[in-house]
Amino acid sequence: MAARYADVIIDISHEKVDRPFQYKIPQELADAVYPGVRVHVPFGKSNQDKTGYVVDLPDETDYPVCKLKSITSVDEKGISAEGSQIQIAYWLKRQYGSTMITALKTVLPVKQKLKRPEKKKVTGMISRDELPEVIKQCERRHQTARVRVLQALMEDDVLPYDLIRQKLNVTAAVLQAMEKQGYLRIESEAYYRNPVRHVETAERRVALSEAQRHIIEDVMQEYRAGSPGTYLVHGVTGSGKTEVYLGIIEQMVSMGKQAIVLIPEIALTYQTLLRFYQRFADRVSVINSTLSMGEKYDQIERARTGQLDVIIGPRSALFTPFPNLGVIIVDEEHESSYKSESMPKYHARETAVQIASMHGASVVLGSATPSLEAYYRAKRGEYKLYRMTARHGGSSLPGVYTIDLREELRQGNRSVFSRRLQELMRQRLRDKEQIILFLNRRGYAGFISCRACGHVMKCPHCDVSLSEHRNGMLVCHYCGYEERKPLTCPVCGSRYIMGFKAGTEQIEEALHKEFPEARVLRMDADTTRTKESYEKILSAFADEKADILVGTQMIVKGHDFPNVTLVGVLAADLSLNQNDYRAGERTFQLLTQAAGRAGRGKKPGEVVIQTYQPEHYSIVHAANQDYEGFYEEEIAYRDFMQYPPVSHLLAVLVTSREQEQGAALCEKMTELVKSRMRAADNCHAWRGIRIIGPTEATIGKINDLYRHVFYVRHADYQILVSVKDMLERFCKEQELKNQSVQYDFDPMSTY
Ligand code: ADP
Ligand code: ZN
Ligand code: ZN
């Protein structure tokens, strides 16, 4: 059925996106009108001819049809930057579920008054010959922040002030003091014009390895031949992926094309950004969360008007409206921060592939531990896979010990630290090297396991951990299955069957008891309420003001601490037994990353993984740094259970003020899908739908809103899209009050 109505935004100016007007689509234009297209319409009392953009094609209109005006004509000049952004917004709305306005606001930047912020640069005032002596002096005085600045100035004599402050963790006071001492000069200027003085880049170029050259040539050759693809570069940290990105972007830029580089916020480190600045000077810019709305808009305008070739940033940088997009890079593509947590809940990797296909651009994904999604598609030939194995820059992979906590209990050790970990910690404290202790407790939802044999209580239907509820019941948050908590272990009969209680605070206490001489820093949600406190803890640790850093997963990413030679994972089971089908994948990634924290500097590192399930494949393969082995077992599990990426899963989350109301709506929607399934022909694709739930969400209530959820599973993503469309229509008819419904395709975790 051809669309009959169109929502049109007149003369788009971004702050007005929330005012679309409805028009009729005349029969003869039915094929030419689609979201993103520019149209002429009569507007206002005098029916002035105005241009506007079609943003949506609603099935029906809320206005009396006789009062609607008709679109006059379609602008033939092809799709503009705004037009293609509207197309993307429409795609997001369809593919992930949300209103069109919300999708447009996701894609279009908010227009704000341009107030050019003052930018500063730092110029080194000490000659290269004298610098090493000054650095030595500072080292003797343990002025580690100064050492970091001076070392950076050793490499480049002009540096962006913000980069030093934020990414080298140096305070303004230290920089001022250094200026007083005559070490450097701080000047104001629009630094983005020339963030780094043009250093002789040729000098720093590395000679590309054979593998690197091959990837760059291959990607560019396919691009030039008019068949750009999606590529997955699988290589450990330090294997030279960034060099590959730089090489591809450079060739794109020389052809007049632009590049979007997605890097998770936490991995936007000083070193990485500097390499892009050095290569692309004033033609590169960074978008991150510290920019104001106005600054963000400013960067996007520079991109749109051809003043930039490269933009770097987290998820939202994806919507930068370049006129001639050549490539989208998604570094650390497995990161869960690439999935939006608000509607539309889009995944940046999938959206990148869509945007690239609209622009005829290539997509390059990179990771040391690829997501199951990306690797699965690479294996099926949808993406082209490249492997980079050797590690550049010298430092070797750390030695890993897996410690069986059941054995520790048997030997009478009830400390949270195994004997091996204690021994290695003593050694590090003696040698003045640093230690990171890691408690991976994100999404921790009270699983029950046996301390004697390691047995974990799981749902017999879903193969995910059961969660303990206060009423003594164990509950599955996928399907709602319940059973009473056993008093003894059903496998070995031990009475030590219980939840794992230790938090970072308890660990800190235990450290004070067992290692009274050690200086300890703690980093978790409690100690990092503000961005400042987060930076403060990191710089204190970088300055070696503490021997041990205890924390949650926020410590395993991004930052480099060259003096850390020991990493302890206190209870690998915590992330393994989340009631979640991605738990194994997340654990493997976390452990691999944690291991990568040890021995970044010249000294070799060691890693201790403590666990009740040393035989679990996520732990075994992480300890061996064997991605392939892990993938094979994990994909077999996903295939057997029909979880993504083998099949697809749509989570439908209902939030409500009244508990019964929410439960009833969830139930009704489930029934609706079921009745449509029954009504479908035997051979119809809807027959392949499986419904899981409905049930109360893991966190049943947030901010006084009750949460209920059910899941719809099907091998064909587009079937789930049509289920979502049907449910959206249903909810619209219901005119829901005090209730809302959210959709999440292939969720990153359960609700
Ligand atoms: P990744 O992005 O995979 O972590 P990088 O591209 O950052 O890896 O490379 C790690 C280090 O090795 C960097 O310091 C980089 O300059 C260096 N490097 C990369 N490729 C080469 C090469 N072909 N020859 C010498 N050094 C290299
Ligand atoms: Zn047991
Ligand atoms: Zn279940």
Side-chain angles (χ1 to χ4, degrees), residues 155 201 203-216 233-249 261 263 267 269-276 278-279 329-333 364-370 386-395 405-406 409-410 448-467 474-483 486-498 558 560 579-581 593 596 600 612-613 641 643 690-696 698 709-711 713 750:
E155 310 266 306
T201 26
E203 261 182 32
R204 333 189 124 220
R205 288 251 164 145
V206 296
L208 292 175
S209 70
E210 194 49 51
Q212 287 169 323
R213 209 171 24 235
H214 169 71
I215 301 173
I216 297 171
V233 184
H234 176 204
V236 294
T237 309
S239 61
K241 296 186 295 296
T242 307
E243 262 337 296
V244 170
Y245 308 152
L246 289 166
I248 291 169
I249 297 169
V261 182
I263 298 181
T269 60
Y270 172 82
Q271 287 302 337
T272 305
L273 292 184
L274 191 64
R275 280 162 80 185
F276 279 89
Q278 281 165 343
R279 197 69 71 95
I329 311 275
V330 185
D331 191 28
E332 314 269 3
E333 63 78 28
V364 179
L365 312 171
S367 175
T369 52
Y386 302 108
R387 283 197 185 82
M388 311 228 335
T389 37
R391 221 183 188 195
H392 282 285
S395 56
L405 287 176
R406 297 168 302 187
L409 184 74
R410 246 170 261 145
I448 298 295
S449 67
C450 173
R451 290 300 138 78
C453 78
H455 175 71
V456 177
M457 299 299 293
K458 285 187 169 182
C459 172
H461 311 292
C462 306
D463 201 36
V464 298
S465 318
L466 295 169
S467 301
L474 300 180
V475 180
C476 171
H477 285 288
Y478 268 27
C479 70
Y481 168 87
E482 283 191 3
E483 65 179 60
L487 296 173
T488 55
C489 172
V491 175
C492 76
S494 157
R495 286 179 298 113
Y496 288 101
I497 183 151
M498 57 187 81
D560 261 348
N579 51 1
D580 192 332
Y581 72 94
Q593 274 169 5
R600 280 297 174 90
Y612 290 100
Q613 302 167 76
M641 298 300 293
Y643 286 136
R690 286 289 166 275
I691 293 178
I692 311 168
T695 173
E696 201 176 298
T698 308
V709 66
F710 71 99
Y711 300 87
R713 197 175 70 198
T750 44

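Whatever order the structure lists them in is the order used to number ligands and atoms, beginning at 1.
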Hey, which atoms in ligand 1 end up nearer than 4.0 Å to a heavy atom of [X]?
X	answer
S209	23 (N)
S239	3 (O), 8 (O)
L208	23 (N)

- [ ] Please state whether the rings of Y386 and H214 are parallel, tilted or perpendicular, taking 30° and 60° as the class boundaries.
- [x]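 Judged by the thresholds at 30° and 60°, the geometry between Y386 and H214 is perpendicular.
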Open item on the list: Could you work out, for atom 7 (O) of ligand 1, the closest of E243, R275, K241 by heavy-atom distance?
Closed with: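 Considering heavy atoms of E243, R275, K241, the nearest to atom 7 (O) of ligand 1 sits in R275.
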Open item on the list: Regarding ligand 1, does A207 bring an N or O atom to under 3.5 Å of one of the ligand's N or O atoms?
Closed with: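 Yes - when backbone and side-chain N and O of A207 are compared with those of ligand 1, one distance drops under 3.5 Å.
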[X] heavy atom under 4.0 Å from ligand 1:
X	result
M388	no
G235	no
V236	yes

Task: Heavy-atom closest pair, residues I216 and V244 - done: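 Answer, listing the atom of I216 first, then V244: CG1-O, 3.8 Å.
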Task: Nearest heavy-atom neighbours spanning S449 and V456 - done: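 In this case the closest contact between S449 and V456 is CB-CG2, 3.9 Å.
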- [ ] Quick one: the SG of C492, the Zn ion (ligand 2), SG of C450 angle, rounded to 10°, please.
- [x]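 Seen from the Zn ion (ligand 2), SG and SG are separated by roughly 100°.
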Open item on the list: Rounding to 10°, state the angle centred on the Zn ion (ligand 2) that links SG in C453 with SG in C489.
Closed with: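 Vertex at the Zn ion (ligand 2): approximately 110°.
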Ignoring hydrogens and geometry, is there a side-chain-to-backbone donor-acceptor pair from [X] to [Y] under 3.5 Å?
X	Y	answer
E243	Q212	no
H234	S367	no
R406	C453	yes

TODO: Look at K241 together with E332 and state whether they make a salt bridge at an N to O cut-off of under 4.0 Å.
DONE: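 No, no charged N to carboxylate O under 4.0 Å.
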Task: R213 atom CZ, neighbour heavy-atom count above 12 within 6.0 Å - done: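 It does: R213 CZ has more than 12 such atoms within range.
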Open item on the list: Suppose you place the vertex at the Zn ion (ligand 3); what is the angle out to C459 SG and C476 SG, to 10°?
Closed with: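 That angle is 110°.
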